[in-house]
S.K.: 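Supplied in structure tokens, the structure appears directly below.
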Number of protein chains: 2
Amino acid sequence: MPDSLMTIRQMCDAFDVTPRTLRFYEARELIFPERRGQHRLYDRRDRARLTLILRGKRFGFSLEQIRQLLELYEPGPNNRAQIEATISASRERLTDMERQYAELRGAIEELKDQLIESERRLAAITADDETTG
Amino acid sequence: MPDSLMTIRQMCDAFDVTPRTLRFYEARELIFPERRGQHRLYDRRDRARLTLILRGKRFGFSLEQIRQLLELYEPGPNNRAQIEATISASRERLTDMERQYAELRGAIEELKDQLIESERRLAAITADDETTG
DNA sequence: ACCAAAGTTTACGTTCGCGTAAGCGTAACG
DNA sequence: CGTTACGCTTACGCGAACGTAAACTTTGGT
């Protein structure tokens with residue numbers, strides 16, 4: 001079993017997705033499995049892309065945004081203009097992600113404060129129970 | 001103009017959303033504006049909640065997840081069980097968010113590496129142009 | 001008093017990200 | 001040689017998160 005090529009079922013088991021999902025991503029041009037006859041075969045590159053797709057989804061990106069992100073990881077034509085465009089797009093995406101990163105930190109801190117406040121209130125009630133009860 | 005109460009239009013302008021969106025969030029019980037006659041009036045609390053809603057959306061949370069998150073910020077009944085439940089839920093959410101935070105850091109680093117690689121390729125082509133051209 | 005602007009409800013329409021069922025090919029197993 | 005399993009395509013369905021249109025009331029300005 002050459003692990004360099006996987007069937008759709010092996011992919012589904014490995015990544016916990018359905019066949020429908022893989023075919024859907026293919027229709028949206030996010031992955032490009034080979035065809036052996038009618039059957040799809042997924043290689044290392046497809047798996048790497050799928051990993052990025054699923055991660056992108058956890059960040060709330062749309063499939064279209066993810067598709068554009070994936071293009072940034074492609075070897076691409078050694079055309080200067082293309083490389084420059086990729087660099088520019090990468091920088092923009094990086095800026096967005098850094099902002100989101102900072103925002104998430106802020107949200108975490110706020111929730112932490114809220115948690116501490118709840119713990120304080122619980123402690124107050126507990127102390128009250130001990131004196132009153 | 002008492003800025004403690006805002007009309008739906010002022011809210012839309014301030015947060016860059018449509019009236020439909022605000023009414024939709026209200027129908028889903030994410031915000032609870034007062035009614036002066038038939039009209040809605042939004043106070044500081046509504047605005048605070050809307051800020052959290054929009055931020056949650058940027059993190060890819062569903063409105064239902066956000067609604068549950070908002071509950072954690074509510075004063076809530078001083079019932080011990082309720083507070084304990086809130087604390088427990090807050091801890092779980094915090095764990096998730098910390099994980100997402102770390103994951104985002106990883107994604108940023110990967111894209112950075114990719115960017116550096118692109119810059120290297122561009123430099124190589126440029127150097128090539130200078131010697132060849 | 002009147003008109004336009006703004007707000008309200010009701011309800012159908014739309015896009016995204018798949019789920020799900022129908023119907024067909026084919027390959028392997030007993 | 002049948003049937004069982006897996007995969008393929010086509011296509012309709014569905015919940016989320018609004019957009020949009022229709023019809024009505026309310027409110028502010030002149």
Side-chain angles (χ1 to χ4, degrees), chain A residues 1-43 46-47 49-71 96 100, chain B residues 1-43 46-47 49-71 96 100:
Chain A
M1 177 179 87
D3 83 331
S4 61
L5 288 180
M6 290 171 59
T7 69
I8 198 168
R9 180 109 310 270
Q10 290 172 324
M11 287 291 283
C12 292
D13 293 345
F15 290 91
D16 193 29
V17 294
T18 69
R20 177 70 175 96
T21 298
L22 293 179
R23 290 191 276 258
F24 184 74
Y25 290 166
E26 184 180 347
R28 294 306 187 82
E29 304 190 344
L30 291 166
I31 44 181
F32 313 95
E34 293 178 43
R35 291 299 181 106
R36 193 89 82 203
Q38 274 291 31
H39 292 32
R40 292 168 172 82
L41 287 176
Y42 300 82
D43 61 11
D46 295 315
R47 277 168 287 184
R49 292 174 74 93
L50 182 54
T51 298
L52 290 175
I53 292 168
L54 298 179
R55 191 173 66 188
K57 287 198 59 189
R58 285 195 293 276
F59 296 151
F61 294 151
S62 73
L63 292 185
E64 174 55 23
Q65 289 176 318
I66 293 171
R67 194 188 61 73
Q68 291 174 22
L69 248 173
L70 286 173
E71 285 180 1
D96 288 356
Q100 188 165 355
Chain B
M1 177 179 88
D3 81 330
S4 60
L5 288 180
M6 289 171 59
T7 70
I8 199 169
R9 179 107 312 270
Q10 290 173 323
M11 287 291 283
C12 291
D13 292 346
F15 290 91
D16 194 29
V17 295
T18 69
R20 178 70 175 95
T21 298
L22 293 179
R23 289 191 277 258
F24 184 76
Y25 291 166
E26 184 180 348
R28 295 306 186 82
E29 304 189 345
L30 291 165
I31 44 182
F32 312 96
E34 294 178 43
R35 291 300 182 103
R36 192 91 82 202
Q38 274 290 30
H39 291 31
R40 292 166 171 84
L41 286 176
Y42 300 82
D43 61 12
D46 295 317
R47 277 167 287 184
R49 292 176 73 93
L50 183 54
T51 298
L52 290 174
I53 292 168
L54 298 178
R55 190 172 65 188
K57 288 200 60 189
R58 286 195 292 275
F59 296 151
F61 294 149
S62 72
L63 292 185
E64 174 56 22
Q65 289 176 318
I66 293 171
R67 195 187 61 71
Q68 291 173 21
L69 246 173
L70 285 173
E71 285 179 1
D96 287 357
Q100 189 166 354

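Please read these numbers as outputs of a predicted model, since none were measured by experiment. In the text below, chain A, chain B and the rest are named by the order of the sequence lines, each starting its count at 1.
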S.K.: Are the side chains of A:Leu50 and A:Leu22 in contact, using a 4.5 Å heavy-atom criterion?
M.R.: yes

S.K.: Output yes when B:Arg67 and B:Glu64 qualify as a salt bridge under the 4.0 Å nitrogen-oxygen rule, no when they do not.
M.R.: yes

S.K.: Just to verify, what does B:Asp13 make a side-chain hydrogen bond (donor to acceptor under 3.5 Å, both in side chains) with, not counting sequence neighbours?
M.R.: B:Arg9

S.K.: Contact between A:Arg40 and A:Glu34 at the side-chain level, heavy atoms closer than 4.5 Å - yes or no?
M.R.: no

S.K.: Identify the residue among A:Arg49, A:Glu29, A:Gln65 that makes a side-chain contact (heavy atoms from CB on, under 4.5 Å) with A:Leu70.
M.R.: A:Arg49

S.K.: To the nearest 0.5 Å, what is the distance between CG on A:Leu30 and OG1 on A:Thr21?
M.R.: 11.5 Å

S.K.: Taking salt bridge (Lys or Arg N to Asp or Glu O under 4.0 Å) as the definition, give me every residue that meets it alongside A:Arg58, ordered by chain and number, with sequence neighbours left out.
M.R.: B:Glu103

S.K.: A:Pro33 pairs by side-chain contact (heavy atoms from CB on, under 4.5 Å) with which of A:Glu26, A:Met6, A:Met11, A:His39?
M.R.: A:Glu26

S.K.: On DNA chain C, reading 5' to 3', which nucleotide is the first and which the last to sit with an atom under 4.0 Å from a heavy atom of chain B, could you check?
M.R.: C:dG7 to C:dA11

S.K.: Can you measure from CG (A:Leu63) to CD1 (A:Ile53) and round to the nearest 0.5 angstrom?
M.R.: 7.5 Å

S.K.: Rounding to 10°, can you tell me the angle the first-five-pair axis of the helix from C:dA1-D:dT30 to C:dG30-D:dC1 makes with its last-five-pair axis?
M.R.: 10°

S.K.: Can you give me the N/O atom pairs linking the protein to nucleotides 7-9 of chain D at distances under 3.5 Å, or say none if there are none?
M.R.:
from	atom 1	to	atom 2	distance (Å)
D:dC8	OP1	A:Arg40	N	2.8
D:dC8	OP1	A:Arg40	NH1	3.1
D:dC8	OP2	A:Arg23	NH1	2.6
D:dC8	O5'	A:Arg40	NH1	3.1
D:dT9	OP1	A:Arg35	NH1	3.3
D:dT9	OP1	A:Arg35	NH2	3.2
D:dT9	OP2	A:Arg40	NH1	3.0
D:dT9	OP2	A:Arg40	NH2	2.7

S.K.: Can you tell me how far the CD atom of B:Gln100 sits from the CZ atom of B:Phe61, to the nearest 0.5 Å?
M.R.: 5.5 Å

S.K.: Could you check if a side-chain atom of B:Gln10 sits within less than 4.5 angstrom of a side-chain atom of B:Tyr42, using non-hydrogen atoms only?
M.R.: no

S.K.: Going 5' to 3' through nucleotides 12-18 of chain D, assign each nucleotide B (protein heavy atom under 4.0 Å from a base atom), S (under 4.0 Å only from sugar-phosphate atoms) or - (no protein heavy atom that close).
M.R.: -----BB

S.K.: Is there a donor-acceptor contact under 3.5 Å from the side chain of A:Arg23 to the main chain of A:Thr18?
M.R.: no

